[in-house]
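Below is one structure, written out as structure tokens; comments come after it.
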2 protein chains.
Amino acid sequence: MVDNILPKQSKLLTDDKSDSTCGCFVTKLFSKRAQNREVQEARILEAATSCFVRAGFRGASMNDICSEAGMSPGALYRYFPSKESLIEAIVAGHRKASAEILDRMSGYGNIIDALVMVGLDHVRQKSANGVDDASARLFAEVRAEAIRNEAVAAQCELYEGQMREKLLSAIGAAKARGEIDPVGDLELVAATLAAMGEGVIMRNFPAQGVPVEALEPMFRALAVAILRPASA
Amino acid sequence: MVDNILPKQSKLLTDDKSDSTCGCFVTKLFSKRAQNREVQEARILEAATSCFVRAGFRGASMNDICSEAGMSPGALYRYFPSKESLIEAIVAGHRKASAEILDRMSGYGNIIDALVMVGLDHVRQKSANGVDDASARLFAEVRAEAIRNEAVAAQCELYEGQMREKLLSAIGAAKARGEIDPVGDLELVAATLAAMGEGVIMRNFPAQGVPVEALEPMFRALAVAILRPASA
DNA sequence: AAAAAAAGAGCGAATGTTCGTTCTCAATTA
DNA sequence: TAATTGAGAACGAACATTCGCTCTTTTTTT
């Protein structure tokens, strides 16, 4: 389809003549070749994401991805050894971005505000990240793929384990401070909050015309109901 | 794999000789042939469900399904004209079962109890329906498939539209009665409850060792938080 | 610094396999 | 006998991946 927006061989980094007179291994790290590799990998991942969102991991063919990336199969296979490796790279990046949102929790004075922020930020990121709602769709695809693809399941496990820990420690600390009185076992409380939040994220409300702000009272009500802060 | 647990041709209904002396068209409806057709269709759907849960809609081949059903491709294609038609039949059945749970809502005195029941019944049905947790896994698969398969999307739309209406009318009635004071717009409230409930269903908690009863206070807290009953 | 050699990058046709579906023919039922 | 049902081989398309080749960049040698 989109055949040649970029020249066949990216020249992006060719103009500025880097001082290749230096013989040290810095040349190796920043050589034309090494830089090009990163650019190409990014290009492939972007194309693959676009194709996978459109047709699913199984539905998108390597040829589709090659076309979208403006690259031949032979070239693409120099950067990723298999379709499977592409899927894994994309899943890891997707889940990592989610996990990182939780790191901002400590910036909030109380746990309720922090949780609401986590929910809203997820919705924002998954629905308007860049141009389209690719991320929310990927979420569903990844969930399904994880059921039968062991490597993908492991990636999910890894990052979702991190998320669970972060959530758990934040809630545990708040409880220790006497800030909240959760309705149940901390583990279950954290898992339920995560599951319910994920349900909202996957619905992709913004794509259906519901503004992110409208979800704020919903997330807040959920957090208050499950965590029962002393102030309420 | 499981090659021949059942005989190649099911004899389940062959033994009891039905009175084929009657020449009216009732014979057509209940003839050996017509009965056999239903049995075979059920057998195929069961096998297909099993395969799809194991490998996904795209990952399971028609040969897999044929083997599991103890049937040749030629035979199977007499009952379903395509893989696509199998998928659609399964999706429809799966979503219909979900929608029917909502019909039991009117049996409860108040909306909170009714909602909690709906959530728990979904979890029960999706996780322990029959033998394994096939139904919860199918949920994820169907969500992903609906993104790119128009026919599946339409099936989901149909039944989820019904569910939305049922939920909306139940909540609307409770509000009219002054029983509750929801935190927001009724449409959004219903959609959020459904999304959050779905999140819990897809997590398949019972398969991870969390008993269904443990989820009851979670669902109740959610319903109370979002709907705000006067009694609370 | 120039020449030669090696390594890397890209292309696109080719490969072997898998898959959904169809076809032909035999067996069973009406 | 006529119609339905089933088996299983066969078909054509699609797919992930590889191969042989050319061109460019980097490294080594002179």
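Numbered from 1 within each chain, the chains take letters A, B, ... in sequence-line order.
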- Query: At what distance, to the nearest 0.5 angstrom, does CD of B:Gln155 lie from CD1 of B:Ile87?
  - Reply: 11.5 Å
- Query: Rounding to a whole Å, what distance do you find between B:Met71:CE and C:dT21:P?
  - Reply: 16 Å
- Item | Nearest-nucleotide pick for B:Ala75, side chain only, options being C:dG20, D:dT17, D:dA7 | D:dA7
- Message: Tell me whether the side-chain N/O atoms of A:Asn36 come closer than 4.0 Å to OP1 or OP2 in C:dG10.
- Response: yes
- Please round to the nearest 0.5 Å and tell me the distance separating atom CZ of B:Arg203 and atom CD of B:Gln208. 7.5 Å
- Query: Between the base of C:dG8 and the side chain of A:Arg78, is there any donor-acceptor pair under 3.5 Å?
  - Reply: no
- Which listed nucleotide (D:dG6, C:dC11, C:dA9) is nearest to the side chain of A:Tyr79? C:dA9
- Can you measure from CZ (A:Arg137) to CZ (B:Arg143) and round to the nearest 0.5 angstrom? 12.0 Å
- Query: Between atom CZ in A:Arg58 and atom C1' in C:dT18, what is the gap in whole Å?
  - Reply: 13 Å
- Query: Between C:dT22 atom P and B:Leu76 atom CG, what is the distance in whole Å?
  - Reply: 12 Å
- Item | Separation of C:dA9 C1' from A:Glu38 CD (nearest whole Å) | 16 Å
- Item | Candidate nucleotides C:dG10, C:dT22, C:dA9, ranked by approach to the side chain of A:Gln40 - the nearest | C:dG10
- Nearest-nucleotide check on DNA chain D, A:Gly74 vs A:Asn63; residue mapping nearer the 5' end is A:Asn63
- Query: To the nearest angstrom, how far is B:Glu84 atom CD from C:dT21 atom P?
  - Reply: 9 Å
- To the nearest angstrom, the OH-C1' distance between B:Tyr77 and C:dC19 comes to 9 Å
- Query: In terms of heavy-atom contacts, does CD of A:Glu165 have more than 12 from other residues, nucleotides or ligands at under 6.0 Å?
  - Reply: no
- Task: With the side chain of A:Ser61 defined as its heavy atoms from C-beta on, choose the nearest nucleotide among C:dG20, D:dT17, D:dC15.
- Result: D:dC15
- Measure the distance from CZ on A:Phe57 to P on D:dA16 and round it to the nearest whole Å. 14 Å
- Item | Euclidean distance, atom CD1 of residue B:Ile65 to atom P of C:dG20 [Å, nearest integer] | 7 Å
- More than 12 foreign heavy atoms under 6.0 Å from CZ of B:Arg164: is that the case here? no
